[in-house]
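Numbers restart at 1 for each chain; the letters A, B, ... are given by sequence-line order, proteins then strands. Bear in mind the structure is a predicted one, so any value in this text is a computation, not a measurement.
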Amino acid sequence: MTVDLNDLDDETFRATVRDWVVANYPEELRNPPKRLHWRDNKVWYFKLAEKGWLCPGWPAEHGGMGLNAGKQIILLEEFERYGVARTNDHGIIMVGPLLIQYGTDAQRAEFLPKILAGEHIWCQGYSEPNAGSDLASLRTSAVSDGDDWVVNGQKIWTTLANDANWIFLLVRTDPGAKKQEGITFLLVPMDSPGITVRPIINIDLHDEFCEVFFDNVRVPKRWTVGEVNKGWTMAKNLLGFERIYLGSPKLSGYALSRLRMLAERMGTWEEPNFQDRFTRLRMEMDDLKALHATFVDIVRRGDALGPDVSMLKVIQTELFQKITDEMMDIAGANAGLLEPMEGNRNLHPSGQFIQARPSTIYGGSNEIQRNILAKNVLGLPG
Amino acid sequence: MTVDLNDLDDETFRATVRDWVVANYPEELRNPPKRLHWRDNKVWYFKLAEKGWLCPGWPAEHGGMGLNAGKQIILLEEFERYGVARTNDHGIIMVGPLLIQYGTDAQRAEFLPKILAGEHIWCQGYSEPNAGSDLASLRTSAVSDGDDWVVNGQKIWTTLANDANWIFLLVRTDPGAKKQEGITFLLVPMDSPGITVRPIINIDLHDEFCEVFFDNVRVPKRWTVGEVNKGWTMAKNLLGFERIYLGSPKLSGYALSRLRMLAERMGTWEEPNFQDRFTRLRMEMDDLKALHATFVDIVRRGDALGPDVSMLKVIQTELFQKITDEMMDIAGANAGLLEPMEGNRNLHPSGQFIQARPSTIYGGSNEIQRNILAKNVLGLPG
Amino acid sequence: MSTAEDRSENIRLLRESAAAVIPGDYRRIRALRFQDPGFDPATWKEMCDMGWAALRVPEAKGGSGLGVAEYCALAEELGRGLVPEPFIGSVTAASLLSGGALAEVLAGDKVILPAWQERPNSLDTAGDTTVAGGRANGRKAFIPMAAGADAFIVSGRDGLALVARDAAGVSLSIERTQDGGNFGTLTLDNAACTPLSGDMAEALEEAALATGAYLLGVMDRAFAMTLDYMKTRNQFGRAIGSFQALQHRAADLKIQVALTRASVEAAAVTLDTSQHPALRQSVVSRAKARAADAAMLVTRQCIQLHGGIGYTDEADIGLFLRKAMVLSHLYGGAALHRGRFAAVAPEDDE
Amino acid sequence: MSTAEDRSENIRLLRESAAAVIPGDYRRIRALRFQDPGFDPATWKEMCDMGWAALRVPEAKGGSGLGVAEYCALAEELGRGLVPEPFIGSVTAASLLSGGALAEVLAGDKVILPAWQERPNSLDTAGDTTVAGGRANGRKAFIPMAAGADAFIVSGRDGLALVARDAAGVSLSIERTQDGGNFGTLTLDNAACTPLSGDMAEALEEAALATGAYLLGVMDRAFAMTLDYMKTRNQFGRAIGSFQALQHRAADLKIQVALTRASVEAAAVTLDTSQHPALRQSVVSRAKARAADAAMLVTRQCIQLHGGIGYTDEADIGLFLRKAMVLSHLYGGAALHRGRFAAVAPEDDE
């Protein structure tokens, strides 16, 4: 089947995906305002697994679809267009590619089938309380003790750790090394003795993130991925392709359509002032789409993305925020309501405004992205 | 007479000033688009001198008006309101106060009467090519040689040096000292052998600024002001009161009235979009006026201004620029014209736009002002 | 009214007494969030004992007869503490009541709130409501902290009236707000009401300005907390407050706070000294528009400057943003007030 | 049209050949400023020898039949060099001419420019002008580099016509522009004219987009020069480019340049591939609006980032701002194009 899909022309492939998504994706899960927990999204996870579409980028030999980059983008676009929610997908987009590239045959045999079966739900242990955007200064330590590592420390902003039964973890294994050296990649079951998970209620009053504490957690060394002390490079390589998602114009497009609904409901749609501001937002989004397309083309050609992809994240997240700012401006006193207006999920200015807040902080804050642009793209001095 | 003026109540004083200005200020010099040269503004200089109103802040014993701070502000406000141009006033606002505070009796006797008579026209030698906003790193040197200093180096951005016959100069007299130490204040005749003046054509195509070169210029030591190596402190103290002028809302008020004229001429005045943007600018200006008034009150009470006065300069200059940006936006193809539209000086969007450019650079760039606010007002770390 | 020096000394004392009773942390605020009635009636009664509800009531009517400047100073202090008790609503009500009802409001024995707004984006107080013949009909919405009200002052086409919450024909529905409080929607179906003399317009001007002052307190405190955070939080081996890009952003926020303070305080002086209706409206609109926009900008940026911790509900900084979200549009949002300013502001004299 | 790979290779060669003839400094530009005719006719003839005026003319008519993408790529390179020669005007004219007049334009022997605009803020080409019966009447303004024109293509209510500059009834007044060039105002009082077939609308769409591309070149080069300056200019003992506040501003300018490039290049593809009129107009409007706003923002900020030296006329950076000031509104400014976009842009498919 995978070979067939790659051989389809793009438009046929797109139509195939669209039809199947419309027929199979649960209506009530479209465009959810908050990240879904496993209890809600597993239906869709298993449906994808059954269809064989769970892992578009994995080679067919490992149970993936083996889609080329162009087709993967079409699949993603069609999912986005229909408002398909993210699943607990860290196993799919992070652990799978990691093991396929750097793991041993034994690790691949142990873990990949369980991701495909929805048996292992993974979360990502990167950030730490004192190393938010400064990953290289992480301090969670792993000390060698016979066949085990003994892990101590704390991770934070661990997305959906409260759903996961496994965590992939960056730990410091050589405290004497330079910052970005001495970091190692470990795979750890969440039910290991000494792990505690504490959900963090975020500003959206939702428990999407957690803290994860490690108190003398023993991890068998066979769950080390790749070379000891070389975890930093592996982690960096994994991030490459993902960054383009943060710059997808889809989120702003969705918000813009909600802004329009709100303006129509509030009676401001026809006002020249509003029309002017709306047009500016719409043109900004279209220009973002054009820029995004140039990066998608790079991926489609199979080339590596440069650091200038940081631009997309900055533009997309700040546009998203501008759109929700505008919602707040026109909503009048409704801007203060906790719940959607009139029970209509599409008319929820305060909720959408709050949901837009973290976007400029996570995934490398926009300050960090601008640092990257200044130094790595523009070549400005340290 | 000076005593009489201080005794007047504020409103009577204001009316007195206003009447006299209206009766005496040359109509054709009101609100000039560019800084006037001595050949144009000397008429008014001499009129002020004749009236005894040339030096409002100087004590009466030195030939000034001896006005208190409150009355000085009223005088300034009335001059601004009528669009009175600045004269070549560095002798009045800088050299006079400098000598009154730090000079010797002999220096005061030598220089003050000549300022009052319009015989000495002064310019200010502070900035250097490699010390734009970083005054403490200036390099023009003065080496002691008998009764003289021998000065070598270069000054830049010297306002109207091409009009001046004297310059007051900061020079480095102790190259070994820390940056802000070892700086001395000298008074130098512009016709001294070894001085060369080169006008700089600025972006407004006007020769307001000059470079001044010093090649083994001999300056008698009796023209040193105050203590050797203590010039930095004197220079800083002189700047205090001046900073409030840079934050005067007058410039923006004038630009806003020209924006309105332009909008009426272009037919955009009635457009709701324009009205909204104009209202925002107007409200910003009124809030700036309210903030400016709180600083004027401090001066009126005779208290010292704190570093937070930097806020005024930032707000005023950026508002001024926003207003002229708006002019460019509504002017259509007229925005490209070099000269005023239809020969009407009030309809000159490109000219006003260009004239607004330097405002965020001179007088301590707005970047420097924000550094000051961050460090000296908000206490953020170095 | 006393001399300028006396007044500014009084204002200082008033601020100090408020600061003394408002806790430095936000545990009380958190405990009251998303509970009914959204504030603590006992705390409110203590505040009334300090004379706060009586601030703008003339001494002849049992109040303290203070000016708008005092009103704004106190509102600002309450904003700093995110105090949810119905201060502005009660002051507004008190200025429209007399006799026993006034006494109960001033004592904090009853909470009476103005119910004037019908549409989300409007300053119109009449709307479609009538209060003729002792019977009120209509619908009033966006009444802050209505869950704790005993009665409402309802504005109709034909004047004002007092409506008890538990009167026949009165129904009150409650929606939660982002700050943990609530908005009430009052539906009046031939409800019994007591006519009140007077006009709500002037009281609402003051309420709008006081809301601006409250927002000033909110943003000022949020900004101060953020500066503290910037001085102590380290990244890349340095305090984040030493990064120039963040320093400049902080300088810009400082400017917003300063402009808001200047605008609010100047407006208070105008309300205390000028009877020129257009001038009064224009300064209130300018101050409320500035306060609303600046409060949203400053609190939003404070979240950003806090980084990851800023988007947890555990960090207090989020409470300030949520308060700004609710108050920005009360008594008119920025766009509404800009429109009114454009319509009424007197031309400059040049 | 050739394959995508061939085309992008052709575009690369075209850019290279342009870069090869455009000097790396701006002495030539300075020498021509504020002189008549504002450009160098000999240089223009050399450019015509390279086939630039013939770029959009079909091969059947003696041109090179290249696409809009090629047109924009070349305009961008000329923008980088601030080239004042009348490239866009001549390409526009060439697309409306045939026969001997076309040959003269393509050879650079005559400069013929479109004269379509009557009001400063409008895309209307007809205006109040008539060209019936071999007689032109009306007034056309804002004709860039008109001081060097031999003839004009005048658009009227009743079609197009060619008007010689020296014909009876033609008067041309010249005003200088901020970039050192000029705008002509053409007054036609029963002037002799030769009717032309065709419609100017499509040629003006391309001219608007090419002007956007030229502005892209202007801002891209200004930004590159500013980055160089930031890397070498020291203050407080460090390169100013190491200050984070300036770094972040530079990052924002980079984003503006990148968005403009994406917008202009996508619009060129649309003009080369789609016949949908509303889509064509909407992409041109989007690109021109973005280019106009971004060029002004970027060149303005480049002045600021240069500090004191930036506000001397001696620094080349000011030449870029002045060019942006003139071109931003040619073939419609940002507000005009935003309005048109709002009116014509097709709805999204969701």
Visitor: Select one option (side chain, backbone, both, neither) describing which atoms of Ala266(D) are under 4.5 Å from chain A's heavy atoms.
Guide: side chain
Visitor: Please give me the minimum heavy-atom distance between Thr226(D) and Ala222(D), naming the atom from each residue.
Guide: OG1-O, 2.8 Å
Visitor: In terms of the angle between their ring planes, are Phe278(A) and Trp269(A) parallel, tilted or perpendicular, with boundaries placed at 30° and 60°?
Guide: perpendicular
Visitor: Specify which of Ala374(A), Pro381(A), Ala290(A), Gly382(A) makes the most heavy-atom pairs with chain D at under 4.5 Å.
Guide: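 Between Ala374(A), Pro381(A), Ala290(A), Gly382(A), the count favours Pro381(A).
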Visitor: For each of Asp287(A), Thr279(A), Leu373(A), Leu291(A), tally heavy-atom pairs with chain D at distances under 4.5 Å, and name the one with the top tally.
Guide: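 So the answer, after comparing Asp287(A), Thr279(A), Leu373(A), Leu291(A), is Asp287(A).
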Visitor: Given that the side chain runs from C-beta out, which part of Asn371(A) has a heavy atom under 4.5 Å from chain D: side chain, backbone, both or neither?
Guide: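 Both parts, backbone and side chain.
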Visitor: Side chain, backbone, both or neither: which part of Ala345(D) has a heavy atom under 4.5 Å from chain A?
Guide: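 Ala345(D) touches chain A through backbone and side-chain heavy atoms alike.
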Visitor: Can Glu77(A) and Lys250(A) be counted as an ion pair, charged N to O under 4.0 angstrom?
Guide: no
Visitor: Judged by atom type as modelled, is there a donor-acceptor pair below 3.5 Å linking the side chain of Arg300(D) to the main-chain atoms of Leu321(D)?
Guide: no
Visitor: Counting only N and O atoms by type, is there a donor-acceptor contact under 3.5 Å from the side chain of Lys254(D) to the main-chain atoms of Met311(A)?
Guide: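 Pair absent, no side-chain N/O of Lys254(D) close to backbone of Met311(A).
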Visitor: Within the side chain of Ser257(A), is there an N or O that forms a donor-acceptor pair under 3.5 Å with the backbone of Tyr254(A)?
Guide: yes
Visitor: Which atoms of Gln244(D) come close to chain A, meaning under 4.5 Å heavy atom to heavy atom: side chain ones, backbone ones, both, or neither?
Guide: side chain
Visitor: What part of Ser282(D) gets within 4.5 angstrom of chain A, counting heavy atoms only: side chain, backbone, both, or neither?
Guide: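 When you check distances to chain A, no heavy atom of Ser282(D) falls under 4.5 Å.
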Visitor: For each of Leu246(D), Asp252(D), Asp293(D), tally heavy-atom pairs with chain A at distances under 4.5 Å, and name the one with the top tally.
Guide: Asp252(D)
Visitor: With a 4.5 angstrom heavy-atom cut-off, could you sort out which part of Phe223(D) is near chain A: side chain, backbone, both or neither?
Guide: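 Interface part for Phe223(D): side chain.
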Visitor: Could Asp329(A) and Arg277(A) be called an ion pair, given the rule that one side-chain N must be under 4.0 Å from one carboxylate O?
Guide: no
